[in-house]
Number of protein chains: 2
Amino acid sequence: MLTIGQLASYAGVTIRAVRHYHQIGLLREPERDPSGYRSYDAAAVVRLIRIRTLAEAGVPLARVSELLDAAPETFAAATTEIDQRLRTQIRELQEHRRRIARLGCSDSLAVPAEVVDYLDRLRAIGAPAALVDNERDAWILMAARWPQVIPELMADKVAQLANPKVVELYQLIGRIADDWTDDERLREIADLMSELFEQAAASGELDRQDEFIPDTAFVHLMDSFANAVHPAVARLRELVAERGWTGWTRIERSGP
Amino acid sequence: MLTIGQLASYAGVTIRAVRHYHQIGLLREPERDPSGYRSYDAAAVVRLIRIRTLAEAGVPLARVSELLDAAPETFAAATTEIDQRLRTQIRELQEHRRRIARLGCSDSLAVPAEVVDYLDRLRAIGAPAALVDNERDAWILMAARWPQVIPELMADKVAQLANPKVVELYQLIGRIADDWTDDERLREIADLMSELFEQAAASGELDRQDEFIPDTAFVHLMDSFANAVHPAVARLRELVAERGWTGWTRIERSGP
DNA sequence: CTTGACCTTGACGCAGCGTCAACCCTGCAT
DNA sequence: ATGCAGGGTTGACGCTGCGTCAAGGTCAAG
């Protein structure tokens, strides 16, 4: 007769595992000797070895007893199914590896490649870092909500950068990045924006907005990013509103 | 401002996950509105999206915050390490698949191929099923304890079967399988065994046993299998002992 | 008698949430 | 005013397969 330690060692498992198998009813609790020790026979060793064999092959413990005394066909069916499960898990992990490889760096985390490219161009023409970070976050949001429109939107935005007026706008903003209190400059920016909106309206660009972002609540959320850049953005929006335009993420004509 | 449901839906995670992230300190608890509802801003959505991106790439939650604001080199180092972990897991699962594929059927579970072959031959010469099952269990035990000696041992056992006396022995046993009470036949069997042991001793076979099974406690364990086949085995051992042999798994001369 | 190596039960911990339970808030239709 | 549906709130257990204390009792040897 064997103690639990001998049993475990013969079967090549830990004592804790044996007790666990008792707990879940996978291995029958044996008789106890007068001192309360469990006392095992050779058959228990064999059963335990077979349990271990299945467990090490990735069979869930809950299914081990079912397999231990299964007819050959049942056994084959079960193993095939378990193998399928294993394949699925492997595929999931491989998908994880693929994603890991494409994470990039912490800065561009969750930012689509097209957006990364656009942000680089923004930086290149002198847009301030705070604004670029803000754009990045906004596009992260957008990409999560409507991933499929990102390529087209980004193509548009990059095209806009070919407009010298747009470049000028970002440079103006860059110049006030340290000091947002100069109302004169804010008004200059508002004028330029108004002009650009006028162009956009003329080219029909503004009408295309609605296709991309049909969700009003979402537009408000995007707006809130801009507002968070600096308190003076509120003033800027005021000035732009005076010139007949409302909104920010989505622009609409409201006045003359 | 967003409720937890809106936040979760924008970020593409479940509400429960958001609360979990709060609990483990991955996402800051936001302000509450007068009714006690959590109230999120756009920045929370972005952070949550980045968390999800990492989590979906298989990054453990415990390491996500570390990665979220890591310098590029730190980030790269961490992802490489996590990728290593993923590869290890994949290899483990693939090992599981390999084992699953070689399980065979429930009957031959944990039985080495050489043993399966030997058992088939035993059955072929007319050994009773109970005896074969018993042999199988004994060899399972042996294979778990000393896997490397199995091929050699099995080669020996198969070679023994070429001896007509051995075949006769198993057939004799087969004939009493239904009725173990015939002492006459038991004595016949004991005579035959004694004769075989004599042959084995003469050929030096008995001396080689000790190399294979040096563990006395283990030998007793193996013996206990034989005893479990039928009570009459005890009688048989008695008869064999009268003829000058002790032991079962390991045989030793004890008399004339 | 002590020591060390075993054995006993009981319970928490892990990873990442899913899933009740039991109760409160809010807005809309009746 | 009321009822109902569809939000929200905390709290707690469940899953997998054991590892790892904790706080003891037992056994063989020196």
Side-chain angles (χ1 to χ4, degrees), chain A residues 1-27 29-40 44 48 50-67 82 85-86 88-89 92-93 95-96 99 217, chain B residues 1-27 29-40 44 48 50-67 82 85-86 88-89 92-93 95-96 99 217:
Chain A
M1 287 307 178
L2 308 170
T3 68
I4 197 173
Q6 295 168 321
L7 168 76
S9 129
Y10 279 136
V13 305
T14 66
I15 293 178
R16 184 64 183 88
V18 175
R19 288 206 264 250
H20 184 58
Y21 298 157
H22 285 320
Q23 232 177 346
I24 64 177
L26 198 49
L27 193 63
E29 280 272 5
E31 306 293 303
R32 306 298 182 109
D33 72 9
S35 67
Y37 287 14
R38 292 177 180 83
S39 175
Y40 298 91
L48 187 50
R50 309 184 90 171
I51 291 172
R52 191 196 64 169
T53 305
L54 290 173
E56 283 180 348
V59 176
L61 292 187
R63 308 205 51 186
V64 165
S65 58
E66 160 200 343
L67 280 187
I82 290 164
R85 244 184 5 91
L86 289 175
T88 309
Q89 286 183 39
E92 280 167 7
L93 288 180
E95 173 64 20
H96 282 173
R99 283 169 188 264
Chain B
M1 288 306 177
L2 308 170
T3 68
I4 197 171
Q6 295 167 322
L7 168 76
S9 127
Y10 279 137
V13 304
T14 67
I15 293 178
R16 183 67 183 84
V18 175
R19 288 206 263 250
H20 183 60
Y21 298 157
H22 285 321
Q23 234 179 342
I24 63 176
L26 199 47
L27 193 63
E29 279 272 6
E31 306 291 303
R32 306 299 182 107
D33 74 6
S35 68
Y37 287 15
R38 292 179 179 81
S39 175
Y40 299 90
L48 188 49
R50 310 185 89 172
I51 290 171
R52 189 196 66 169
T53 305
L54 289 172
E56 283 179 347
V59 177
L61 293 187
R63 307 205 52 185
V64 164
S65 57
E66 161 200 342
L67 280 187
I82 290 163
R85 244 185 4 94
L86 290 174
T88 308
Q89 286 183 38
E92 280 168 8
L93 289 180
E95 173 63 20
H96 283 173
R99 284 168 187 264

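Fair warning: this is a prediction, and the values are worked out from it, not measured in the lab.
- For residues 51-62 of chain B, the set of pairs meeting the salt bridge (Lys or Arg N to Asp or Glu O under 4.0 Å) definition, not counting sequence neighbours, comprises A/R99-B/E56, B/R52-B/E56.
- For A/A17, taking side-chain heavy atoms from C-beta onward, the closest of the listed nucleotides D/dC18, D/dC27, D/dG8 is D/dC18.
- Atoms CG (B/D33) and P (C/dC24) sit 17 Å apart, rounded to a whole Å.
- Distance CE/A/M1 to OG/A/S39: 5.0 Å, rounded to 0.5 Å.
- Set against C/dG16, C/dC7, D/dG19, the side chain of A/Y37 has C/dC7 as its closest nucleotide.
- Residue A/H96 contributes atom NE2, which lies 12 Å from atom C1' of C/dG16 at whole-angstrom precision.
- Atom pair A/L7:CG and C/dT8:C1' shows a separation of 16 Å (rounding to whole Å applied).
- The nucleotide whose nearest atom lies closest to any side-chain atom of B/I4 is, among D/dG19, C/dC17, D/dT9, D/dT9.
- Residues B/A55 and B/S35 each lie close to DNA chain C; by heavy-atom proximity, the contact nearer the 5' end of the strand is made by B/A55.
- Between the P atom of C/dC20 and the CZ atom of B/R16 lies a distance of 13 Å, rounded to the nearest Å.
- No contact: B/I24 has no heavy atom under 4.0 Å from any strand.
- Other residues, nucleotides and ligands place more than 12 heavy atoms under 6.0 Å from the CD atom of A/E29.
- Atom NE2 in A/H22 sits about 14 Å away from atom P in C/dG10, given to the nearest Å.
- The nearest pair of heavy atoms linking B/A57 to B/L86 is O-CD1, 4.0 Å.
- Checking A/Q23 against A/P34, the closest nucleotide of DNA chain D that is more toward the 5' end is the one next to A/Q23.
- Taking side-chain N and O atoms only, A/T14 has no distance below 4.0 Å to OP1 or OP2 of D/dC18.
- The side chain of A/R38 contributes an N or O atom lying less than 4.0 Å from OP1 or OP2 of C/dT8.
- Rounded to whole Å, the distance from CD on B/E56 to C1' on C/dG16 is 13 Å.
- Put simply, CD1 on B/I15 is 11 Å from C1' on D/dT9, counting in whole angstrom units.
- One interatomic measurement links the two molecules: NE2 of A/H20 to C1' of D/dT20, which rounds to 15 Å at whole-angstrom precision.
- Heavy atoms of B/R32 sit under 4.0 angstrom from primed sugar atoms or phosphate atoms, though from no base atom.
- Put simply, B/R19 has a side-chain N or O that comes within less than 4.0 Å of OP1 or OP2 on D/dT9.
- Contact annotation: A/T3 does not reach the phosphate of C/dC6 (side-chain N/O to OP1 or OP2, under 4.0 Å).
- Note that the CG atom of A/L7 and the CG atom of A/L27 stand 7.0 Å from one another [nearest 0.5 Å].
- Along DNA chain C, the nucleotide nearest to A/E29 and the one nearest to B/Y21 differ in position, and the one closer to the 5' end is contacted by A/E29.
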